[in-house]
Amino acid sequence: MVELLFLLLPIAAGYGWYMGRRSVRQEREVHRNRLSQRYFKGLNFLLSDQPDKAVDLFIDMLAVDSQTLETHMALGNLFRRRGEVDRAIRIHQNLVARPSIGEEDRRLAMLELGQDFMVAGLYDRAENIFDELKDDPEHSQQAQEQLLAIYQHTKDWHQAIKVAKRMGKDRPMAITRALSHFYCQLAGLALDKGNSREALKEYKKALDVDSGCTRAREGLAKLYRDGGQLEEALAVLVPVISTDPDNSSEVLPVIADLFSRLGDSEGYYNFLAKAVSQDSGVSVVLAYADLTQAQAGIGSAEALLLDELKRHPTLKGFRRLIQYQREKVAEPSAKESLNLLAELVEQQIRIRPTYRCRHCGFSANKRYWLCPSCQQWGQIKPIRGLDGD
Ligand SMILES: [Zn+2]
């Protein structure tokens, strides 16, 4: 009897194996049937002109594993770029929640999800994500840049300063520039409250971070000037000619005023002579020509201007040259022609924008510290060249 039982064992094992295989096959069959049902449902949506429902169904059908992860990521990014942020969020959230994907992939999906939230304007949720990623060596730079963008958008300058400082001395120049502008923003807020002592402190911090920050120099100079410290104001403003020559025309009127209040016409003349030699734009040349005209006559001023126009032709310089010519001619018809020419040049100058972003090319007739187009700080400056300064 026992021998018989031993004989039956292989049969039982064989039966078990057969049944097991059958049930796996059946399961696969059921899964396949379910998939094809959903696939046809998706196709039906497409055919009945309901592509949104079809896309959602196909997304759900795509199982997340190491082989399809990249497809999910690419799909999510595609949706975000197309402005379909809800779908992008759903895909990336789905990835982050999957226990089956590795930690590295999960963090990558989090980075994408954070960007989805940014695009959707859900800054608090984006902040939570980037805050978690800011210590990750792989993604810290990107996470911190996104945090900066959030604090900049929400005007939380203290937090923005914290993040920018945390990036250390190796941070990109654009971040250093931004950091000095964050201090300038705080200075502006202090001034709004009438606290000029606090504003002075913030402007100085801005200059410590970036000595080329013209905004901080202008702010400091104004505070010094209002406090009667004219020489201090000049000392902080004059270096703009070297640190940020593109902004020379912006600071020139204040510098002229300071020298005038100090009664230092010789100092002003020397300053202009130096600025002209440093190619600081046509505004400086015109101011220099004005002084030359007052001291040595119109002929000397014209010669100076002609020399400058040969090297750097500008409409503004040309306009002044016409004015000189007009004063010299006596014949009415020649005067009339010059008037017409002056009017044409004037029209050209008037229709041209005054400022342009050095980073993205955005042009404006108003000065912005933060470019509305590319969100870079301190890049909108007076236009240089033929049409500009
Ligand atoms: Zn820009």
Side-chain angles (χ1 to χ4, degrees), residues 77 80-83 85 114-121 123 126-127 130 141-157 159-161 163-165 167 170-189 202-203 206-207 209-219 240-252 279-283 312 314-316 349-389:
N77 295 353
R80 186 173 67 233
R81 281 201 199 103
R82 282 175 44 142
V85 195
Q115 286 177 44
D116 298 339
F117 285 144
M118 291 285 282
V119 174
Y123 295 115
E127 184 187 354
F130 293 126
Q141 172 91 9
Q142 213 177 336
Q144 289 182 110
E145 281 177 8
Q146 294 289 352
L147 279 174
L148 266 188
I150 292 170
Y151 296 136
Q152 203 167 285
H153 195 86
T154 53
K155 298 188 170 28
D156 190 342
W157 309 117
Q159 283 291 346
I161 288 170
V163 174
K165 277 169 89 174
M167 291 171 90
D170 296 335
R171 63 189 163 230
M173 189 54 209
I175 306 282
T176 300
R177 233 178 351 241
L179 179 57
S180 65
H181 277 272
F182 297 155
Y183 284 121
C184 291
Q185 289 293 129
L186 288 181
L189 291 177
E202 299 296 349
Y203 279 135
L207 266 193
V209 171
D210 176 16
S211 62
C213 182
T214 301
R215 183 184 182 183
R217 288 189 180 277
E218 285 182 29
V240 172
I241 302 295
S242 331
T243 59
D244 188 12
D246 286 351
N247 264 317
S248 300
S249 60
E250 293 294 312
V251 294
L252 186 64
D279 182 23
S280 304
V282 71
S283 296
H312 304 290
T314 57
L315 282 177
K316 284 179 186 169
I349 292 173
R350 228 180 293 136
I351 59 168
R352 297 279 192 260
T354 317
Y355 300 97
R356 183 166 293 142
C357 175
R358 297 294 191 268
H359 187 255
C360 72
F362 172 84
S363 54
N365 280 317
K366 187 178 160 225
R367 198 183 191 193
Y368 294 94
W369 294 118
L370 177 67
C371 176
S373 172
C374 68
Q375 301 291 305
Q376 291 277 320
W377 289 95
Q379 290 295 291
I380 293 190
K381 299 180 184 190
I383 293 174
R384 297 285 299 266
L386 187 65
D387 292 341
D389 196 65

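First listed ligand is number 1; within each ligand, the first listed atom is number 1. Here the structure is a predicted model, which means the values were calculated and not measured.
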His359 near the Zn ion (ligand 1) via N/O/S, less than 2.8 Å: no
Angle subtended at the Zn ion (ligand 1) by Cys374 SG and Cys360 SG, rounded to 10 degrees: 110°
Non-hydrogen side-chain atoms of Asp279 and His312 separated by less than 4.5 Å: yes
Heavy atoms of other groups near Asp170 CG, more than 12 under 6.0 Å: no
Three-point angle Cys357:SG, the Zn ion (ligand 1), Cys371:SG, rounded to the nearest 10°: 110°
Plane angle bin for His181 and Trp369 - parallel if under 30°, tilted between 30 and 60°, otherwise perpendicular: tilted
Parallel, tilted or perpendicular: rings of Phe362 and Tyr368 (30°, 60°): perpendicular
